> 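To start, I am sharing the structure in question, which I have written as structure tokens.
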Amino acid sequence: MLTPSQVLLPPASGAWREGDPHGRRRWFARESPLPLEAGGELPGVRLVFETWGRLAADRSNAVLVLHALTGDSHVAGPAGPGHPTAGRWDGLVGPGRALDTDRWFVVAPNVLGGCQGSTGPSSTGPSGRHWGGDFPFLTQRHQVAAEADLADALGVDRRALVVGGSMGGMRALEWAVSRPERTDALLLLATAAAASAEQIAWADIQLHAIRSDPHWHGGDYHGTGRGPDAGLGLARRTAHVTYRSEPELQARFGRLPQDTEDPWRGGRYRVGSYLDHHAAKLVGRFDAGSCVVLSEAMNSHDIGRRRGGARAALGRVTARTLVAGVDSDRLYPLAQQAELTAGIPTADGPRVIESPHGHDGFLVEVEQVAALVTELVPPDPR
Ligand SMILES: CC(=O)SCCNC(=O)CCNC(=O)[C@H](O)C(C)(C)COP(=O)(O)OP(=O)(O)OC[C@H]1O[C@@H](n2cnc3c(N)ncnc32)[C@H](O)[C@@H]1OP(=O)(O)O
Ligand SMILES: N[C@@H](CCO)C(=O)O
């Protein structure tokens, strides 16, 4: 169980009280270094997490929600101190919602390698300085190992449900494959058994954009007052196009210029302004080093690695599973969810989330995600 020294309400936590309807934000510190797949170990592992609801006396009501690449532990509730964006799954988590917090104990950790409180490149390393470029290479297996330690500390030995989309789906799958006895039900959204060549290619372009920024300094820019903002912005522009669909961009922006700007005289098209906006927002809230570490972890994702291949690995899953993808997702196409469904003996799907918004559909179409959750864990009839 968590000891008082392992639990800390963050300094700006006045709003985070016992029983706060928006959840409680705390952190967990692993006592020993985390062994790494490629050799070596990561000392000082700390995970920030938020919880909603209460753990039942028989510990049967825990639900794990795993965020995507640039998300964080704040999957529901408004933006506030320590969580720069409002939770995208606000419609999913809360009293009377599909993850009814009067019934479920919902836990959402910030991923290991991230930058919203969990240990990552912007954290202080063993030398007393920021980890920066010395932060080790991580895989989903390390991230889930840290999350399993957190579950142990919370006294949660089984999860009634594990939910994740995209990168969160990779970790949810890793939970169900590596610890099948701890996962009763599993919802995999817009994710894959292994990162494809094209997914690696898009991420590779983004990694190059960040690393070619003159302020990258091999990842050791923290504390210098300047970071690779231009590179991170370029990476986000590229990523954001892959997160949306071609018909959506055409319908929303077409060939229109941004306001009174003239694209023939150095001005922007409206779609360019939209990408500028998303780039600036990410630069303002996310660490480039974390973006590199997490993107590389996603590129490494291969559920069958050293497990006899994907089929053998997927065959280990015993959780009641629903697999879903987004019909307009060009980054994680439905064929990948069909492969997951075919490989997981207990899986149903692939269910299709109808959305014009491409890969981001799993974040935007909250009602459809809620319906999938309800299918796996029906509301309490009482
Ligand atoms: C469970 C979890 O995984 S939680 C983690 C959630 N992940 C994230 O939050 C990741 C970051 N965000 C995103 O990926 C996406 O923004 C989403 C999916 C969350 C939101 O998608 P949508 O709601 O469809 O937003 P959309 O792409 O339309 O962008 C809207 C923004 O673009 C702005 N915008 C629209 N057109 C233009 C334009 N021509 N010029 C400038 N800005 C524009 C809007 O003003 C709006 O700004 P705001 O978000 O600052 O209010
Ligand atoms: N837009 C999402 C999608 C990544 O899968 C994010 O930034 O987390």
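One-based numbering, in listed order, for ligands and for the atoms of each. Here the structure is a predicted model, which means the values were calculated and not measured.
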> Establish, from distance only, whether the side-chain atoms of H67 and D72 form a donor-acceptor pair under 3.5 Å.
no
> With backbone taken as N, CA, C and O and side chain as the heavy atoms from C-beta onward, which portion of R244 lies under 4.0 Å from ligand 2: side chain, backbone, both, or neither?
neither
> Just heavy atoms, cut-off under 4.0 Å: does R236 contact ligand 1 by side chain, backbone, both, or neither?
side chain
> Checking side-chain polar atoms at under 3.5 Å, does R30 have a donor or acceptor matched by the opposite partner on T119?
no
> What residue and heavy atom of the protein are closest to atom 10 (C) of ligand 1, and at what distance?
T70 OG1, 3.3 Å
> Evaluating non-hydrogen atoms only, which member of Q258, H357, K281 is closest to atom 51 (O) of ligand 1?
K281
> Looking only at protein heavy atoms, identify the closest one to atom 41 (C) of ligand 1 and say how far it is in Å.
S273 OG, 3.2 Å
> Tell me whether H359 reaches ligand 2 (any heavy atom closer than 4.0 angstrom to a ligand atom).
yes
> Taking distance alone, with N or O pairs closer than 3.5 Å, would you say R244 contacts ligand 1?
yes
> Just need the protein heavy atom nearest to atom 7 (N) of ligand 1, so name the residue and atom and give the distance.
L363 CD1, 3.6 Å
> Ignoring hydrogens, just give me the one of H74, R88, H277 whose non-hydrogen atom is nearest atom 20 (C) of ligand 1.
R88
> Show which atoms of ligand 2 fall inside a sub-4.0 Å distance from at least one heavy-atom site of L363.
2 (C)
> Output the list of atoms in ligand 2 that are nearer than 4.0 Å to some heavy atom of L69, sorted by atom number.
8 (O)
> Are Q199 and Q336 linked by a side-chain donor-acceptor pair shorter than 3.5 Å?
yes
> Taking all non-hydrogen atoms of both residues into account, name the closest pair between A310 and E339 and its distance.
CB-OE2, 4.4 Å
> Just going by heavy-atom distances, which of D360, V364, L294 is nearest to atom 1 (N) of ligand 2?
D360
> R26 and T51: side-chain hydrogen bond (donor to acceptor under 3.5 Å, both in side chains), yes or no, with the steps?
CA-CA 8 Å; R26 294 173 283 175; T51 62; 3.0 Å; yes
> Hey, does R236 sit under 4.0 Å from ligand 2 if you only count heavy atoms?
yes
> Provide, to 0.1 Å, the distance between atom 3 (O) of ligand 1 and the closest protein heavy atom, together with that atom's residue and name.
A68 N, 3.1 Å
> Just to confirm my output: which protein heavy-atom neighbour is closest to atom 16 (O) of ligand 1, and how far is it?
H278 CE1, 3.2 Å
> Examine ligand 1 and decide if any of its atoms is less than 4.0 Å from a heavy atom belonging to E248.
no
> For H359, state whether at least one heavy atom is located under 4.0 Å from any atom of ligand 1.
no
> When you look for heavy atoms under 4.0 Å from ligand 1, do you find them on the side chain of Y274, its backbone, both, or neither?
both
> Would you check if there is a donor-acceptor pair between the side chains of D287 and Y221 at a distance under 3.5 Å?
yes
> Within ligand 2, which atoms have a heavy atom of A68 less than 4.0 Å away?
5 (O), 8 (O)
> Could you pull out, from L249, V75, D360, the option with a heavy atom nearest to atom 13 (C) of ligand 1?
D360
> Kindly determine whether Y274 and F253 satisfy ring-ring contact (aromatic ring centres under 6.0 Å, His included), including the steps that lead there.
CA-CA 9 Å; Y274 170 71; F253 306 108; 4.7 Å; yes
> Applying the side-chain contact (heavy atoms from CB on, under 4.5 Å) test to H301, which of R171, E174, M170 qualifies?
M170
> What residue and heavy atom of the protein are closest to atom 7 (O) of ligand 2, and at what distance?
T70 OG1, 2.6 Å
> If you have a sec, work out which protein heavy atom is nearest atom 5 (O) of ligand 2 and how many Å separate them, to one decimal?
S166 OG, 2.7 Å
> Crowded around E261 CD? As in, over 12 foreign heavy atoms under 6.0 Å?
yes
> Step by step, would you call R244 with D360 a salt bridge (charged side-chain N to carboxylate O under 4.0 Å, His left out)?
CA-CA 6 Å; R244 313 300 289 209; D360 272 350; 3.1 Å; yes
> Going by atom types only, do E37 and T139 share a side-chain donor-acceptor pair under 3.5 Å?
yes
> Would you verify whether the NZ or CZ of R182 falls within 45 degrees of the ring axis of W175 while also being under 6.0 Å from that six-membered ring's centre?
no
> Tell me which protein heavy atom sits closest to atom 11 (C) of ligand 1, plus the residue, atom name and distance to 0.1 Å.
R285 NH2, 3.0 Å
> Is there a path of hydrophobic side-chain contacts, each under 4.5 Å between heavy atoms of I, L, V, M, F, W or Y residues, that connects L161 with W89?
yes
> Please write down residue, atom name and distance for the protein heavy atom closest to atom 28 (O) of ligand 1.
R252 NH2, 2.7 Å
> How far apart are the closest heavy atoms of I353 and Q368, and which atoms are they?
CA-OE1, 3.3 Å
> Within the structure, is a non-hydrogen atom of Y243 found at a distance of less than 4.0 Å from ligand 1?
no
